[in-house]
There are 2 protein chains.
Amino acid sequence: MSLRTKDTKEEILIIGKQLIQLVGYNAFSYADISKKLNIKNAAVHYHYPGKQDLLLSLLTNYISQYKNLGTELETSSLHSLKKLEKFIDPYTQLVDNNSICIIGSIASDYNTLPNAVKIKIAELIDLVIGLVEQTLRTGKKAGELNFTIPARTQALLIMTNLAAGVQLARITGKQDFVAIKKSILQHLKT
Amino acid sequence: MSLRTKDTKEEILIIGKQLIQLVGYNAFSYADISKKLNIKNAAVHYHYPGKQDLLLSLLTNYISQYKNLGTELETSSLHSLKKLEKFIDPYTQLVDNNSICIIGSIASDYNTLPNAVKIKIAELIDLVIGLVEQTLRTGKKAGELNFTIPARTQALLIMTNLAAGVQLARITGKQDFVAIKKSILQHLKT
DNA sequence: CTAATTACTTACTAATTAGTAAGTAATTTA
DNA sequence: TAAATTACTTACTAATTAGTAAGTAATTAG
């Protein structure tokens, strides 16, 4: 076992994620990544042979992180509104960083992506919708949340508010996202 | 005055619009347009010297169309829900065409666009939000619509439901967009 | 009828793209 | 300690990109 001072593979993934959120999948190149890390573009190809390999790794990471969040929320004794806030909070950070969420970014580029990626992004979206849906369902059953439409539809409304909320707020200003976030939570209160 | 059998300039704009909605601004090239119209890529540059000129023309068109729609809706005696349906209906078509709306598409690419385009897209978004906001306000005053949050926030919620709704539905299926649309209108009913 | 204008094509350039093949220094394994 | 592996660099290629300059055929204007 060695003391690694660098973890280029991981750093590439972090930069890649930032670039997708900042400018989109089709607007960044391996040169952008290599310049930021002071390595050669071939080094990026060494770790991720093609751009789609990088994206697949990113999506796989997201899937495992959201699976963890799902388990955490299911076993947690937090109030459902707090659970939802836990899900929503990262989106506020995005607006501050002039960025949009991975799902919204990749969804916009969907038709340009190789099939393997399409399948993975669908898996991620299903997972995230399911996570919100389940939180809503549990919260309603516990009398902590109030909504009348099907849980999946309510989850879709929240997801779309957030995904497009960060997209719009980057242009019209953060206060619009703040208003959206507040409304989502207010609307669910009993 | 001549009988024009071709209007290449207009056709370029139509193809450009379709491509932006289908694959996004950064994923199409002048070659894509010229191939579809059986002309040379230099002919596209003749009509729109740069890609940004094309996009600016497109946005200018949208702005004038939405201004017309705004006037139409203001002077119309239609029930407010019908007015909103008139606004929402085109989005359903997008899902059928495997496409997303211009605003959502361009908003995702926002950080990669030249400043002149950024200004124009902001103008378009303000216009569209204003249009929905005004329809909501008038509808509420007339007792035709019911909502408790500020009109602008309600407009933002609807806009984000639609913009991200088509993005998601392209991946998860049309029925998700149908559910979203139905919920938006149902929620506003008195 | 001539000159100008329009709407292109031909032919190109410079930059950037994703990606590869071969080499190398340092580390790890057997 | 020799062999293999890891993590790169050097050096490149083929394709695609946005964009341009010069030429041309057809139409239009004076």
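The chains referred to below are lettered A, B, ... by the order of the sequence lines, with proteins before strands, and numbering in each begins at 1. The model shown is predicted, which means the values in this text are computed figures rather than measured ones.
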(request) Among D:dA18, D:dT9, C:dA18, find the nucleotide with the atom closest to the side chain of A:A42. (result) D:dT9

(request) Would you indicate what B:Y48 reaches in the nucleic acid, counting non-hydrogen atoms under 4.0 angstrom: base, sugar-phosphate, or nothing? (result) nothing

(request) Look at all strands and tell whether B:K51 reaches a base, only sugar-phosphate, or nothing, counting heavy atoms closer than 4.0 Å. (result) sugar-phosphate

(request) Report the distance from atom CG of B:N38 to atom P of C:dT10, rounded to the nearest whole Å. (result) 12 Å

(message) Whole angstroms only, please: what is the OH-P distance between B:Y25 and D:dA18?
(response) 9 Å

(message) Here's one to test your reading of the geometry: is the NZ or CZ of A:K9 within 45 degrees of the ring axis of A:Y48 and under 6.0 Å from its centre?
(response) yes

(request) Mark yes or no: B:K120 above the aromatic ring of B:Y62, with NZ or CZ under 6.0 Å from the six-membered ring centre and no more than 45 degrees from the axis. (result) no

(request) Respond yes when some side-chain nitrogen or oxygen of B:S29 is under 4.0 Å from OP1 or OP2 of D:dT17, and no when none is. (result) yes

(message) What is the distance, to the nearest angstrom, from the CG atom on B:N26 to the C1' atom on D:dT16?
(response) 15 Å

(request) In whole angstrom, give the distance that lies between atom OH of A:Y30 and atom C1' of D:dT13. (result) 18 Å

(message) Measure CG/A:L37 against P/D:dA7 and give the value in whole Å, please.
(response) 15 Å

(request) By nearest nucleotide on DNA chain C, pick out whichever of B:N41 and A:A31 is the more 5' one. (result) B:N41

(request) From the options C:dC8, C:dA18, D:dC8, select the nucleotide whose nearest atom is closest to the side chain of A:H45. (result) C:dA18

(message) So, OP1 or OP2 of C:dA7: does either fall under 4.0 Å of a side-chain N or O from B:Y46?
(response) yes

(message) Counting only Watson-Crick pairs (N1-N3 plus N6-O4 or O6-N4) and G-U wobbles (N1-O2, O6-N3), all under 3.5 Å, who is the partner of C:dA26?
(response) D:dT5

(message) Taking only side-chain N and O atoms of B:H47, does any of them lie within less than 4.0 angstrom of OP1 or OP2 on C:dT6?
(response) no

(request) Please confirm whether A:K51 makes a cation-pi placement over A:F28, using NZ or CZ under 6.0 Å from the six-membered ring centre and within 45° of the ring normal. (result) yes

(request) If the plane angle is over 60° it's perpendicular, under 30° parallel, otherwise tilted; pick one for B:Y30 and B:H45. (result) tilted

(request) For B:K35 and C:dT9, give me the distance from atom NZ to atom P, rounded to whole Å. (result) 15 Å

(request) Calculate the interatomic distance between A:I12 atom CD1 and D:dA7 atom C1'; express it in whole Å. (result) 10 Å

(message) Less than 4.5 Å apart, side chain to side chain, heavy atoms only: is that true for B:F87 and B:L162?
(response) yes

(message) In this structure, how many angstroms lie between the P atom of C:dA7 and the CD atom of B:E10, rounded?
(response) 13 Å

